[in-house]
Amino acid sequence: MPIIDVAVPVPLRQTFSYTSEQKLRPGVRVSVPFGRRQLIGVVTASYDDPVDDTESEVKLKAVTEVLDEQPLFDATLQALTQWLATYYHHPIGEVWATVMPTRLRKGGALSDSVPALTLTEAGQAEAQTPTLRGKKQLECIALLAQGPLASEEIKTKFSNVVLKALEEKALTTQTSIRLTEKQDWASFSLQQTPPTASTEQGVAIAAINQQASHFVPFLLDGVTGSGKTEVYLQVIEPVLKQGRQVLILVPEIGLTPQTVGRFERRFGISVGVLHSQMTDLARVKVWQQARRGELGIIIGTRSAIFTPLKRPGMIIVDEEHDESFKQQDGLRYHARDLAVKRAHTENVPLILGSATPSLESLNNALNKRYTHLTLSQRAGGASHTQLKVLDSRDQPLHAGIAQGLISIMRSHLQQGNQVLVFLNRRGFAPAVLCHHCGQTVDCKSCERPFTYHKSQGRLQCHHCGASRRMPEQCSECHSHDLQTSGIGTEQLEQGLGQLFPDIKQVRIDSDAVKGKDKLITRLDEINARKYQLLVGTQILSKGHHFPHVTLVVVLDCDGALFSADFRAAEKLAQLITQLAGRAGRASKPGEMWLQTDNPGHPLLQDLINNGFAHFARQALQERKLGALPPYSSQAIFRAEAGEAGLAANLLQQIRDCYRPSVNAAKGQFIGPLPCLIEKRQGRFRYMLVLQSQQRAALHSWLKHHLQEVEALPLASKVRWSLDIDPVDLS
DNA sequence: AGCACGCCGACT
DNA sequence: GTCGGCGTGCTC
């Protein structure tokens with residue numbers, strides 16, 4: 001009887017063998033007995049029993065059910081899945097579970113249609129002139145009036161009672177909706193005349209178009225507002241014309257609708273969208289359509305890199321420096337790196353676009369592994385934002401802003417322009433402390449100060465999300481004299497309200513734009529000039545352009561200047577550059593002020609005087625001298641446990657496992673060290689960094705000793721993980 | 001990771 | 001006398 005190897009979703013670095021009626025193709029899902037449960041796994045290999053030894057077959061269980069006729073993935077994506085398991089040293093079954101849409105992971109069929117609910121004629125009439133008294137029933141009718149909806153989706157919105165009532169009154173009836181539909185997207189015609197490309201854009205477009213038939217990696221290094229998206233649009237066109245599909249990765253920032261709209265308006269074809277907030281069904285629908293070649297363009301966040309494509313033609317990673325492309329738990333893959341790998345195996349061109357390229361990608365461009373395309377001019381002749389530092393030492397501060405800056409803000413506001421104030425700290429104040437003994441009010445499980453949120457009248461821990469009410473007195477000395485310390489966006493907003501009482505302001509941070517679509521609404525209002533003063537966090541630095549903003553103020557750069565994380569400077573420079581790019585247009589040049597206590601800091605000076613491109617090359621030199629990434633490779637073992645000693649001990653033992661090989665090859669250890677945030681949610685976190693200037697050597701050590709590590713008695717007691725090419729050392 | 005088996009404390 | 005604590009061991 002044939003034997004098949006199956007990758008089951010368990011954290012074990014092996015496959016399991018089963019007997020099967022017939023050989024099965026790799027990539028086919030099967031349901032198998034595993035211990036006392038039933039799991040869905042994926043076939044990785046299939047062969048005749050080499051010894052035809054019935055005794056060995058006795059030990060093997062039989063496959064319960066074969067779920068697919070066709071493999072889920074083609075050979076390329078299967079190879080990529082295998083590569084993921086090897087490169088990230090991750091259990092193959094968990095890798096498969098990560099790369100599959102949830103619905104398929106749970107055993108859902110690859111089908112053309114699913115059961116759905118639709119309105120009957122009576123139902124249509126009811127939707128026109130409501131007569132029902134049931135509020136929920138009317139809501140349901142109104143929803144279905146827009147078209148049929150999959151039963152499993154409607155069940156999450158309405159109770160069975162409601163649905164049954166409607167069906168009994170013959171207002172609704174069972175039907176089905178198609179998950180795939182033929183779309184003749186390759187015969188599209190442009191819906192808009194493309195704008196004439198600038199000289200630089202033209203060069204970039206020509207360079208890409210000339211090499212569009214095979215793998216060439218491009219770094220599209222273009223300042224904000226230089227029209228990178230227009231380059232994407234123009235190089236995509238010939239690819240689509242050939243009937244080839246384009247996969248576009250974008251960061252996780254809730255702005256996907258805007259990008260999608262732009263592509264749809266240009267080509268007049270529907271664009272497949274994949275992001276984390278979609279239902280399982282909607283996601284698998286796009287997945288299947290892409291797999292059948294029914295979509296020409298697929299735009300998605302990190303995990304979209306696993307979308308199967310029938311005729312791949314190009315892969316684009318927009319804002320390639322963005323850290324949201326790195327998964328931070330489970331299989332810690334980097335979607336940008338994977339995009340390079342995938343484009344290579346699919347033999348299609350790859351475009352990495354950014355105004356502030358990661359040092360990794362920039363290095364690849366400088367040493368000619370990537371073709372470097374530069375866009376240095378802003379479209380429409382907009383000038384570059386002027387960067388300046390403001391020395392805040394010995395200056396009186398109001399709401400955390402130096403007097404000098406307030407005057408500058410006032411003059412911009414008086415001219416009717418918008419001003420953006422950036423502060424990367426939400427809440428009212430980052431700490432509450434006792435005026436008497438100096439003790440801060442800390443989160444017990446993280447040992448970090450609580451952030452005070454005045455609007456809720458509560459304290460919130462930004463590390464674990466814990467929340468409690470504001471205490472009456474100090475827990476140490478029982479003094480009632482508690483006061484807040486430091487400034488967050490909430491307080492900044494309040495202070496600015498006092499400084500500029502007649503100016504309309506809006507706050508953009510994750511507290512203020514919590515609801516769905518709220519961010520987009522606010523951003524639209526900003527550009528409609530409903531507000532003049534914009535206060536906010538990170539969110540403001542991502543992807544949105546504010547043409548009426550002429551002044552950007554950054555209040556807290558000092559923290560990052562002296563960080564333990566060697567990437568902090570790179571991140572700050574990217575943030576500042578991205579923020580600077582938000583402002584200004586042709587008729588209104590922008591300026592940007594960085595408020596700092598370290599005006600002479602070399603990083604700030606370099607950025608201000610020479611710009612990001614120069615800063616980045618400088619930073620690369622420093623990385624080279626320090627033998628840091630991208631001039632060396634890193635892997636981090638992390639451990640967390642209720643007792644600090646346990647986590648640190650495990651890492652020490654892991655270090656001992658690796659010591660002989662690492663020392664022999666002149667690799668390095670850093671740690672075990674407590675993580676920057678040592679305690680989170682009541683668990684102590686430690687890390688051990690392994691580093692080598694030879695990537696291959698590092699991977700070979702990891703491979704050879706991982707079994708030893710797994711066999712350590714502590715390894716089953718302490719939660720640990722391995723992070724390859726880490727980007728966040730916290 | 002699950003999910004069992006297994007061997008010691010406070011309870012209807 | 002049992003219910004249940006989580007230690008340890010296995011999963012084709």
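Quantities reported herein were computed from a predicted structural model and do not represent experimental measurements. Proteins get letters first, then strands, A, B, ... in listed order; numbering begins at 1 in each.
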Taking [atom1] from [X] and [atom2] from [N], how many angstroms apart are they, rounded to a whole number?
X        : N      : atom1 : atom2 : value
A:Leu712 : C:dG9  : CG    : P     : 14 Å
A:Phe16  : C:dC10 : CZ    : P     : 12 Å
A:Phe34  : B:dC3  : CZ    : C1'   : 11 Å
A:Lys717 : B:dA1  : NZ    : C1'   : 17 Å
A:Leu12  : C:dC12 : CG    : C1'   : 11 Å
A:Leu60  : C:dC12 : CG    : C1'   : 6 Å
A:Arg13  : C:dT11 : CZ    : C1'   : 16 Å
A:Gln38  : C:dT11 : CD    : C1'   : 13 Å

Next item on the list: Output yes when A:Arg13 and A:Glu710 qualify as a salt bridge under the 4.0 Å nitrogen-oxygen rule, no when they do not.
Entry: yes
Item checked: Single hit among A:Glu643, A:Glu678, A:Glu640, A:Glu447 for salt bridge (Lys or Arg N to Asp or Glu O under 4.0 Å) with A:Arg683 -> A:Glu640
Nearest-nucleotide pick for [X], side chain only, options being [options]:
X       : options              : answer
A:Arg36 : B:dA1, C:dC12, B:dC5 : B:dC5
A:Tyr18 : C:dC12, C:dT8, B:dC3 : C:dC12
A:Arg37 : C:dT8, B:dA1, B:dA4  : B:dA1
A:Val10 : C:dC12, B:dA1, B:dC5 : B:dA1

Item checked: A:Arg426 and its side-chain hydrogen bond (donor to acceptor under 3.5 Å, both in side chains) partner, picked from A:Asp511, A:Asp509, A:Thr451 ->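 Result for side-chain hydrogen bond (donor to acceptor under 3.5 Å, both in side chains) with A:Arg426: A:Asp511.
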Next item on the list: Specify the closest pair of heavy atoms between A:Leu104 and A:Arg29, including all atoms of both residues, with the distance to one decimal.
Entry: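 Minimum heavy-atom contact is O-NH1, 2.6 Å.
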Notebook entry, point to check: Checking all strands, does A:Pro9 fall into the base, sugar-phosphate, or nothing category for heavy-atom contacts under 4.0 angstrom?
Noted result: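 No contact.
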Next item on the list: Indicate the ring-plane relationship of A:Phe16 and A:Phe34, choosing parallel, tilted or perpendicular according to the 30° and 60° boundaries.
Entry: perpendicular
Item checked: N/O (side chain, A:Lys59) to phosphate O (OP1/OP2, C:dC12) under 4.0 Å ->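 For C:dC12, neither OP1 nor OP2 has a side-chain N or O of A:Lys59 closer than 4.0 Å.
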